[in-house]
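Notes to accompany the following structure.
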Amino acid sequence: MAPESRHWINNEFVESDAKETITLHSPYDESVVGTVPVADEQVVDSAVAAARKAFETGPWPTFTAAQRAQCLLKFADLIQTKADEIAQIEAESIGQPVAFAKMIVGACVATYRYYAGWTDKVAGESYKEEDGTYRIVQYEPFGVCAGIAAWNATALYLGWKMAPALAAGNTFVFKSSEKAPFTPLIVAELYKEAGFPPGVVNFVSGGGSTGQLLSAHMDIDKISFTGSGITGRKVQDAAAKSNLKKVTLELGGKSPAVVFEDANIENAISQNSQMFLMNTSQVCAATSRVFVQKSIADKFIEALKGAFKGAEGAFQNPKEPTTMLGPLADKLQYDRVMSFIQSGKSESGAELLVGGDKIEGQKGFFVQPTIFLNPKEDAKIYREEIFGPVLNIKTFETEEEAIKLANDTAYGLASAVYTASVSRALRVASKIRAGTVGVNAVAFPSAITPFGGYKQSGYGRELGKAGIMAYLQEKTISINMAV
Ligand code: NAD
């Protein structure tokens with residue numbers, strides 16, 4: 001049966017006579033997964049109008065914090081029942097292994113539960129009378145918010161963007177990626193079942209043209225974008241040229257991992273191989289530049305090479321429950337990663353240590369886990385985000401040198417430090433210019449702490465208290481005490 005593909009507006013699936021559609025193919029066997037309509041101006045307008053009406057006049061603005069929490073908690077319970085279905089469709093659409101996709105659903109559930117707890121926790125401020133004026137600061141939702149998502153973990157973005165926005169009392173229009181449009185449509189009716197009134201949650205499908213319509217829309221108050229820096233700039237530009245809607249940008253990275261000689265080597269190896277390769281390294285926070293101290297470099301590099309070689313067998317049919325690693329998301333992504341590898345071989349000055357080709361004997365867009373040693377400073381593979389299983393390694397001698405290398409990037413999303421010394425870990429963590437630092441582990445985003453980028457990895461934060469504050473604005477009320 002073809003997956004649900006209609007837009008979800010005002011708590012209903014809506015038919016649209018779309019001039020444009022997108023057909024998705026499995027990156028494993030190229031079978032057709034389904035076709036979605038591209039939301040045009042009329043569809044986007046009707047989704048935004050539904051969200052506006054729900055925010056201004058629907059029952060939603062009268063909901064108490066406890067009622068909003070109830071909706072979020074119920075949805076968290078309900079989405080869990082769809083974990084298998086979501087995992088299957090993500091495996092078919094982007095080749096994500098079902099086991100990993102279910103973990104992502106788990107993270108989405110945790111995010112809804114976490115923000116349910118926040119609905120009544122954002123207090124205002126008050127200032128005692130001064131010069132005859134008493135002042136109150138209260139926090140209010142923006143109104144109509146929109147989310148534009150990357151494809152690598154759609155259920156995660158349903159949580160990171162929508163859970164805090166809804167907890168804060170906003171209404172939402174979410175646009176999935178054109179590579180992974182089905183998960184929101186699988187769960188759409190669950191929002192209704194959970195008690196969200198019509199128009200509070202709306203889903204539209206489409207690619208860049210739909211994203212552009214949302215970014216430039218005159219009646220959207222805030223937009224939260226996850227994707228590449230190039231597109232993020234377009235979103236910000238369109239926001240600036242339209243109604244100056246507030247923008248949060250969650251962009252890419254070229255994150256460093258620094259391995260000191262006193263690190264637990266086995267742990268550093270597994271973090272920089274198994275964990276790095278998770279989701280076929282199509283992870284924004286992947287630490288794709290590894291810096292290892294010279295005294296342990298030979299041993300570390302040999303072991304990491306072995307781990308990468310050994311991981312090749314884990315790339316299998318993503319629909320099998322035991323599969324750890326899948327193909328790249330589609331042909332475009334495969335071609336992109338292979339072109340980086342080609343550039344690594346021909347112009348980076350680096351030594352190819354392992355990988356560097358497609359995986360033989362496998363149908364689908366499988367690429368060997370690949371390591372390059374000592375690329376030139378200006379090599380494309382060293383500077384640009386690849387979003388695939390390709391790692392760069394360089395060596396260093398001193399802590400200062402390691403910090404300099406780690407920070408020598410336009411990005412600042414994530415990082416990791418491997419050492420047995422707590423004081424060194426904290427010293428280095430404080431000097432790394434990134435939104436997240438993992439000590440002796442890759443730093444998995446957690447619902448309770450903020451996640452987001454320094455430098456060109458974006459601005460604004462998702463998750464944690466910062467995540468809900470990003471969907472609220474301050475209002476100061478001054479009271480003339482003389483009257
Ligand atoms: P992308 O920039 O190609 O697309 C992201 C989204 O933007 C898609 O929904 C797409 O349809 C939409 N879009 C395209 N053109 C647009 C336009 N002109 N205006 C508005 N929207 C437009 O990125 P991608 O390939 O989907 O995702 C990979 C990128 O996302 C990587 O750079 C990765 O690091 C980044 N990412 C960041 C995070 C984070 O939290 N920081 C998480 C995951 C992925």
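Heads up: numbering here begins at 1 and tracks the sequence. Model, not experiment: these values are computed from the prediction. Counting convention: from 1, in listed order, for ligands and their atoms alike.
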Closest protein heavy atom to [atom], given as residue, atom name and distance to 0.1 Å:
{"atom": "atom 5 (C) of ligand 1", "answer": "T226 O, 3.7 Å"}
{"atom": "atom 11 (O) of ligand 1", "answer": "E178 OE1, 2.6 Å"}
{"atom": "atom 35 (C) of ligand 1", "answer": "G227 O, 3.3 Å"}
{"atom": "atom 28 (C) of ligand 1", "answer": "F387 CE2, 3.7 Å"}
{"atom": "atom 25 (O) of ligand 1", "answer": "W151 NE1, 3.0 Å"}
{"atom": "atom 18 (N) of ligand 1", "answer": "K234 CD, 3.6 Å"}

Any G458 heavy atom less than 4.0 Å from ligand 1
no
Using a strict cut-off of 4.0 Å, indicate which atoms of ligand 1 neighbour a heavy atom of [X].
{"X": "L251", "value": "37 (C), 38 (C), 39 (C), 41 (N)"}
{"X": "Q212", "value": "18 (N), 19 (N), 20 (C)"}
{"X": "F225", "value": "2 (O), 5 (C), 6 (C), 7 (O)"}
{"X": "V235", "value": "20 (C)"}
{"X": "E250", "value": "37 (C), 38 (C), 39 (C), 40 (O), 41 (N)"}
{"X": "F451", "value": "40 (O)"}
{"X": "A150", "value": "26 (O), 27 (O), 30 (O), 44 (C)"}
{"X": "N152", "value": "43 (C), 44 (C)"}

Taking atom types as modelled, is there a side-chain donor on [X] or [Y] under 3.5 Å from an acceptor on the other?
{"X": "D45", "Y": "H217", "result": "yes"}
{"X": "K161", "Y": "T226", "result": "yes"}
{"X": "Q236", "Y": "Y459", "result": "yes"}
{"X": "N152", "Y": "Y157", "result": "yes"}

Classify the contact between [X] and ligand 1 as side chain, backbone, both or neither, using a heavy-atom distance cut-off of under 4.0 Å.
{"X": "E385", "answer": "side chain"}
{"X": "E462", "answer": "neither"}
{"X": "I148", "answer": "side chain"}
{"X": "T210", "answer": "neither"}
{"X": "A149", "answer": "backbone"}

Polar proximity ligand 1 side, [X] side, N/O cut 3.5 Å exclusive:
{"X": "T231", "answer": "yes"}
{"X": "Y157", "answer": "no"}
{"X": "L413", "answer": "no"}
{"X": "S457", "answer": "no"}

May I ask you to decide whether [X] forms a salt bridge with [Y], counting only side-chain N to carboxylate O separations under 4.0 Å?
{"X": "D330", "Y": "R336", "value": "no"}
{"X": "R383", "Y": "D408", "value": "yes"}
{"X": "K319", "Y": "E92", "value": "yes"}
{"X": "R233", "Y": "D237", "value": "no"}
{"X": "K394", "Y": "E377", "value": "yes"}
{"X": "K363", "Y": "D29", "value": "no"}
{"X": "K245", "Y": "D221", "value": "no"}
{"X": "E189", "Y": "K192", "value": "no"}

Roughly how far apart are K179 NZ and S93 OG, rounded to 0.5 Å?
12.0 Å
From the candidates [options], the one that places a heavy atom nearest [atom]:
{"atom": "atom 21 (N) of ligand 1", "options": "G453, G211, G206", "result": "G211"}
{"atom": "atom 2 (O) of ligand 1", "options": "G147, G208, S228", "result": "S228"}
{"atom": "atom 44 (C) of ligand 1", "options": "C284, S177, A153", "result": "C284"}

Does the side chain of V259 come within less than 4.5 Å of V290's, by heavy atoms?
yes
What do the steps show when you test E462 against S224 for side chain to side chain donor-acceptor pair (under 3.5 Å), and what is the final call?
CA-CA 9 Å; E462 291 185 319; S224 170; 3.1 Å; yes
For atom CD of E30, is the number of surrounding heavy atoms from other residues, nucleotides or ligands below 6.0 Å larger than 12?
no
